[in-house]
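Working notes, beginning with the structure itself.
None of the values given here were measured: they were computed from a predicted structure. Chain letters run A, B, ... following the sequence lines, proteins first, then strands; residues in each count from 1.
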Protein chains: 2
Amino acid sequence: MTQKTFMPVLYELVRTYQAFETYSAAHIRLLGLTASQFDIIATLGNTEGMSFKDLGEKTLITKGTLTGVVDRLEAKTLVRRVASPKDGRSQMVQLTKAGEKLFAKVFPAHLCHLEQVFSGLSQKNIENTASVLKQLRIAFSAASLNLEEAA
Amino acid sequence: MTQKTFMPVLYELVRTYQAFETYSAAHIRLLGLTASQFDIIATLGNTEGMSFKDLGEKTLITKGTLTGVVDRLEAKTLVRRVASPKDGRSQMVQLTKAGEKLFAKVFPAHLCHLEQVFSGLSQKNIENTASVLKQLRIAFSAASLNLEEAA
DNA sequence: TACATTATGTACTAACTAGAACTAATGTCA
DNA sequence: TGACATTAGTTCTAGTTAGTACATAATGTA
């Protein structure tokens with residue numbers, strides 16, 4: 001490991017993620033949304049809405065950022081904030097009628113766009129890729145935990 | 001493929017990249033740099049410098065962004081701009097003495113930090129992960145090319 | 001119950017981001 | 001050579017990003 005044999009896998013991780021992001025975001029932009037806005041619409045679709053906390057965990061958007069993105073979606077009247085009846089600190093975020101309508105349009109369209117990427121890959125290959133990525137993700141989680149414990 | 005069986009692999013790609021980014025950036029911040037600044041310092045280390053174009057391709061930073069990041073590194077006197085002798089449009093970016101000194105310090109330190117992630121993974125696993133990621137990246141490139149050709 | 005701790009969301013900052021419009025320099029080709 | 005297209009880098013904009021500090025509300029404990 002002293003040969004830094006892990007560099008190629010990090011290189012590929014970053015390049016592949018970037019390739020996904022570029023491919024995906026370009027299509028989302030044509031639909032009139034940013035990648036973050038799409039993630040939120042997609043996450044809220046077919047739900048009763050959820051708290052900022054849950055929404056942030058699902059979309060990987062940190063809370064400070066999420067406030068701003070939801071502000072802009074609210075300004076477009078695609079989502080609304082509703083005070084949680086259970087917790088006075090918590091705000092629920094829900095799709096509006098317009099948000100649901102947009103979800104019904106853009107979500108399938110974007111899945112279709114993504115699907116084309118995988119037409120040349122076997123089911124087995126796809127499953128295997130997900131599996132090895134998960135192992136790598138767990139290795140990062142473990143390393144992060146080690147740091148916290150040391151602190 | 002109509003079952004959207006590719007969703008798990010995209011989920012893992014995004015989560016794993018995010019885990020890497022969070023783990024890596026937290027350490028880089030302790031070293032007094034941002035992730036982008038580190039990428040540039042690391043790319044320029046042990047070179048004679050390179051053009052904005054080459055630097056952008058290696059670091060995956062687009063040119064508009066790169067101007068700003070280099071501005072800030074220049075303000076810290078870690079890099080300098082030098083007009084290309086061959087091409088009047090082109091600027092070369094080089095590490096200054098201070099930049100080289102910082103490179104010599106932070107680059108090994110960060111590699112060491114990253115290395116710990118891979119201590120629990122076999123060499124074979126690491127190589128395999130890089131290989132399947134590359135296949136996925138190529139699938140994204142091919143899909144992007146299809147779009148360009150259609151246009 | 002009173003106090004301390006924790007959790008939720010917002011405000012603010014510095015920085016990054018891609019894209020588009022722009023300037024200046026280079027390359028093409030008729 | 002002259003007109004045209006392309007390329008390199010800058011500028012500008014709207015938006016995202018993480019982190020920190022903060023106000024408010026909920027929870028745990030004495």
Side-chain angles (χ1 to χ4, degrees), chain A residues 14 17-41 49-57 59-76 78-93 144, chain B residues 14 17-30 32-41 49-76 78-93 144:
Chain A
V14 171
Y17 172 79
Q18 190 85 350
F20 160 67
E21 194 58 31
T22 301
Y23 179 82
S24 177
H27 182 245
I28 289 170
R29 203 175 330 110
L30 296 178
L31 301 171
L33 294 170
T34 68
S36 294
Q37 291 169 2
F38 177 85
D39 283 351
I40 291 173
I41 300 281
M50 64 188 73
S51 68
F52 269 79
K53 180 180 163 58
D54 290 346
L55 188 54
E57 283 172 4
T59 58
L60 297 181
I61 300 174
T62 54
K63 60 185 183 176
T65 303
L66 193 56
T67 294
V69 182
V70 169
D71 281 350
R72 283 178 285 275
L73 285 173
E74 205 170 21
K76 291 188 191 183
L78 294 172
V79 305
R80 82 178 130 249
R81 284 171 165 90
V82 180
S84 167
K86 297 177 189 165
D87 187 331
R89 297 166 299 183
S90 185
Q91 296 278 323
M92 309 295 290
V93 187
S144 295
Chain B
V14 171
Y17 172 80
Q18 189 85 350
F20 160 68
E21 193 58 31
T22 300
Y23 179 82
S24 177
H27 183 245
I28 289 170
R29 204 175 330 111
L30 295 177
L33 295 171
T34 67
S36 294
Q37 289 170 5
F38 177 85
D39 283 351
I40 291 173
I41 301 281
M50 65 189 74
S51 67
F52 269 79
K53 179 179 163 59
D54 290 345
L55 188 54
E57 283 172 4
K58 283 184 188 285
T59 59
L60 297 182
I61 299 174
T62 53
K63 60 186 183 176
T65 303
L66 193 56
T67 295
V69 182
V70 169
D71 282 350
R72 282 178 285 275
L73 285 173
E74 205 170 22
K76 292 188 191 183
L78 294 173
V79 305
R80 82 177 129 249
R81 283 172 165 88
V82 180
S84 166
K86 297 177 191 165
D87 188 331
R89 297 165 299 181
S90 186
Q91 297 278 322
M92 309 295 289
V93 188
S144 295

Practice task
Starting at atom CG of A/L55, determine the distance to atom P of D/dT16, rounded to an integer number of angstrom.
Solution key: 13 Å

Problem - Whole-Å gap separating C1' (D/dG15) and CZ (A/R29) - result: 12 Å

What contact category does [X] fall into here, base, sugar-phosphate, or nothing, at under 4.0 angstrom with non-hydrogen atoms?
X	answer
A/R72	base
A/E21	nothing
B/S36	sugar-phosphate

Handout entry: Terminal axes of the helix from C/dT1-D/dA30 to C/dA30-D/dT1 (five pairs each): angle between them, nearest 10 degrees
Key = 30°

Handout entry: 5′-ward residue of the pair A/D87/A/T62 relative to DNA chain D
Key = A/T62

Problem - B/L33 and B/K76, any side-chain heavy atoms less than 4.5 Å apart - result: yes

Problem - Residue met sooner reading DNA chain C from 5', once B/T34 and A/T22 are mapped to nucleotides - result: B/T34

Handout entry: Range on DNA chain C touched by chain A, heavy atoms, distance below 4.0 Å
Key = C/dA7 to C/dG19

Nearest-0.5 Å distance that lies between atom [atom1] in [X] and atom [atom2] in [Y]:
X	Y	atom1	atom2	answer
B/S51	B/R81	OG	CZ	12.5 Å
A/M92	A/K86	CE	NZ	7.5 Å
A/T34	A/L73	OG1	CG	7.0 Å
B/L60	A/E21	CG	CD	12.5 Å
A/Q37	A/L31	CD	CG	11.5 Å
A/H27	A/L30	NE2	CG	6.5 Å

Handout entry: B/S24 (side chain) donor-acceptor with B/F20 (main chain) under 3.5 angstrom
Key = no

Handout entry: Nearest heavy-atom neighbours spanning B/L66 and B/F52
Key = CD2-O, 3.3 Å

Fill in the blank from the handout: In terms of heavy-atom contacts, A/I61 and A/S36 come closest through CD1-CB, 4.0 Å

Review item, nucleotides 9-12 of chain D N/O atoms under 3.5 Å of protein N/O:
| from | atom 1 | to | atom 2 | distance (Å) |
| --- | --- | --- | --- | --- |
| D/dG9 | OP1 | B/F52 | N | 3.1 |
| D/dG9 | OP1 | B/S90 | OG | 3.0 |
| D/dG9 | OP1 | B/Q91 | N | 3.0 |
| D/dG9 | OP1 | B/Q91 | O | 3.0 |
| D/dG9 | OP2 | B/K53 | N | 2.6 |
| D/dG9 | N7 | B/K63 | NZ | 3.3 |
| D/dG9 | O6 | B/K63 | NZ | 3.1 |
| D/dT10 | OP1 | B/R81 | NE | 2.9 |
| D/dT10 | OP1 | B/R81 | NH2 | 3.2 |
| D/dT10 | OP2 | B/T67 | OG1 | 2.9 |

